[in-house]
Amino acid sequence: MPIRRSSRDDTPPATGCGTVLGKLRGRPLVHSSSPLETVHGTVSVFEDTPEEEHQQKTNRSVENHLWPTVDGVVSLPYLIAHKLGNKTNDICEAFKMISQKTCISFHERTTEMDYLNFVDGNGCASFVGRRGGPQPVFIGPNCHPGNICHELLHALGFYHEHMRQDRDRYISVLYENIMKGKEQEFLATNASMQDLPYDLKSIMHYGKYYFSANGQPTIVAKTKGMNIGQRRYLSELDVQRIRKLYSCEMYVDESQRSEWDQM
Ligand SMILES: [Zn+2]
């Protein structure tokens with residue numbers, strides 16, 4: 001029997017976008033002796049930071065908070081709140097940005113205990129890694145697919161690029177310009193760098209004026225003329241980073257290989 005919607009409710013129903021399949025096949029994760037991601041327990045976002053995450057001061061390993069591979073497929077269950085009906089397309093676009101280049105899939109949650117729960121928020125925010133249970137991803141009115149993709153990378157286990165240990169070789173952090181109370185968003189962590197180079201083009205990099213208290217830059221790239229903080233696409237290194245963390249391998253089949261080569 002169809003559910004009747006209240007006449008006061010003008011929000012379209014949020015139905016999700018079914019299953020968005022990753023292009024690559026994954027293989028069961030083999031954990032190396034050195035942890036892939038060992039980091040300080042701060043998450044944060046341009047975006048807002050879920051309060052309880054701020055209170056978590058101890059180190060934790062994201063490797064233990066990855067989404068599981070089942071039969072060679074990493075598929076994140078999701079639920080989109082009814083109130084986010086007008087954001088469903090943006091969320092689905094963000095899924096595609098990731099799935100088209102990796103082995104990560106997304107599917108509508110049925111009975112899974114752990115899932116991404118997209119809820120209405122003031123800004124865009126996510127926890128880092130799989131937390132267990134319904135895990136909120138906050139979507140504000142200004143979150144577009146690129147912002148949402150950034151949040152999904154947090155949920156997959158990634159921290160901000162400017163928090164890498166080697167960041168001082170590539171950027172200058174201007175603490176004198178940072179809003180009071182936001183300094184911790186700019187601290188370097190001991191997160192694994194996955195043997196990949198620093199990436200000023202990463203979708204996980206902060207922009208020049210993030211959390212500025214005075215309109216002056218908070219982060220300046222040492223490469224002249226380099227723009228940082230893009231939220232439009234996954235950089236080549238972002239793609240590699242996801243594939244490495246989730247052990248994506250091999251093209252699913254030859255027909256997809258030719259499609260892949262054009263990406
Ligand atoms: Zn972020």
Side-chain angles (χ1 to χ4, degrees), residues 9-17 20 37 39-57 60 62 65-67 75-99 104 106-109 112-163 179 181-182 184-186 189 202-207 209-211 229-232 234 238 242:
D9 183 2
D10 297 317
T11 316
T15 53
C17 40
V20 179
E37 294 279 351
V39 287
H40 292 287
T42 56
V43 67
S44 58
V45 246
F46 158 55
E47 340 151 342
D48 304 314
T49 304
E51 279 306 314
E52 62 238 75
E53 197 86 352
H54 266 320
Q55 291 158 14
Q56 191 178 12
K57 296 292 181 198
R60 63 175 187 154
V62 169
H65 296 270
L66 298 183
W67 296 81
S75 192
L76 280 63
Y78 70 88
L79 193 66
I80 301 176
H82 179 85
K83 219 176 162 187
L84 286 176
N86 61 354
K87 284 294 191 186
T88 300
N89 284 345
D90 288 342
I91 295 167
C92 296
E93 282 305 308
F95 290 159
K96 287 180 202 162
M97 285 173 73
I98 295 171
S99 295
I104 308 292
F106 299 87
H107 68 276
E108 289 185 53
R109 185 231 175 199
E112 293 88 346
M113 300 291 283
D114 300 345
Y115 61 96
L116 297 177
N117 192 27
F118 289 90
V119 293
D120 193 27
N122 294 325
C124 330
S126 170
F127 292 93
V128 174
R130 179 174 56 89
R131 305 180 81 219
Q135 167 170 340
V137 180
F138 300 96
I139 304 294
N142 296 325
C143 303
H144 57 74
N147 303 120
I148 300 168
C149 180
H150 172 106
E151 302 308 332
L152 290 171
L153 261 63
H154 280 312
L156 284 167
F158 295 101
Y159 285 78
H160 289 134
E161 186 70 0
H162 69 273
M163 294 173 110
M179 284 177 190
K182 293 295 182 187
Q184 65 178 319
E185 313 294 345
F186 295 84
T189 70
S202 172
I203 202 168
M204 300 308 285
H205 206 297
Y206 266 12
Y209 297 99
Y210 278 29
F211 293 122
Q230 66 84 13
R231 295 289 181 270
R232 300 188 312 279
L234 289 176
D238 286 333
I242 299 169

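Residue numbers run from 1 in the order of the sequence given.
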Exercise: identify the closest heavy-atom pair between [X] and [Y]:
X      : Y      : value
Gly16  : Cys92  : C-SG, 4.1 Å
Phe158 : Met204 : O-CE, 3.9 Å
Ala94  : Leu152 : CB-CD1, 3.9 Å

Is there a donor-acceptor pair closer than 3.5 Å between any side-chain N or O of [X] and the backbone N or O of [Y]?
X      : Y      : answer
Trp67  : Ala155 : yes
Asp114 : Gly133 : yes
Glu93  : Asn89  : no
Lys96  : Val20  : no
Arg130 : His65  : no
Gln135 : Gly129 : yes

[atom1]/[X] to [atom2]/[Y] distance, rounded to the nearest 0.5 angstrom?
X      : Y      : atom1 : atom2 : value
His154 : Cys149 : NE2   : SG    : 11.0 Å
His150 : Met97  : NE2   : CE    : 11.5 Å
Ser75  : His107 : OG    : NE2   : 4.5 Å

Do [X] and [Y] have side chains that approach each other closer than 4.5 Å (heavy atoms only, starting at C-beta)?
X      : Y      : result
Val128 : Leu156 : no
Ile98  : Phe106 : yes
Tyr115 : Leu76  : no
Ile104 : Ile242 : yes
Ile203 : Gln230 : yes
Cys143 : Phe118 : no
Ile80  : Ile91  : yes
Leu153 : Tyr159 : no

Under the salt bridge (Lys or Arg N to Asp or Glu O under 4.0 Å) rule, collect the residues that match up with Glu112, sequence neighbours excluded. none

Which residue pairs satisfy the salt bridge (Lys or Arg N to Asp or Glu O under 4.0 Å) criterion with at least one member in residues 115-124, sequence neighbours excluded? Lys83-Asp120

Side chain to side chain contact (heavy atoms under 4.5 Å, CB included) between Ile139 and Val119: does it pass, once the steps are laid out? CA-CA 6 Å; Ile139 304 294; Val119 293; over 6 Å; no

Under a 3.5 Å threshold, yes or no: a donor from one side chain and an acceptor from the other, between Asn147 and His144? yes

Do the ring centers of Tyr206 and His160 come within less than 6.0 Å of each other? yes

Taking the six-membered ring for Trp and the full ring for Phe, Tyr or His, determine whether the centres of Tyr78 and Phe95 are under 6.0 Å apart. yes

In terms of the angle between their ring planes, are His205 and His162 parallel, tilted or perpendicular, with boundaries placed at 30° and 60°? tilted

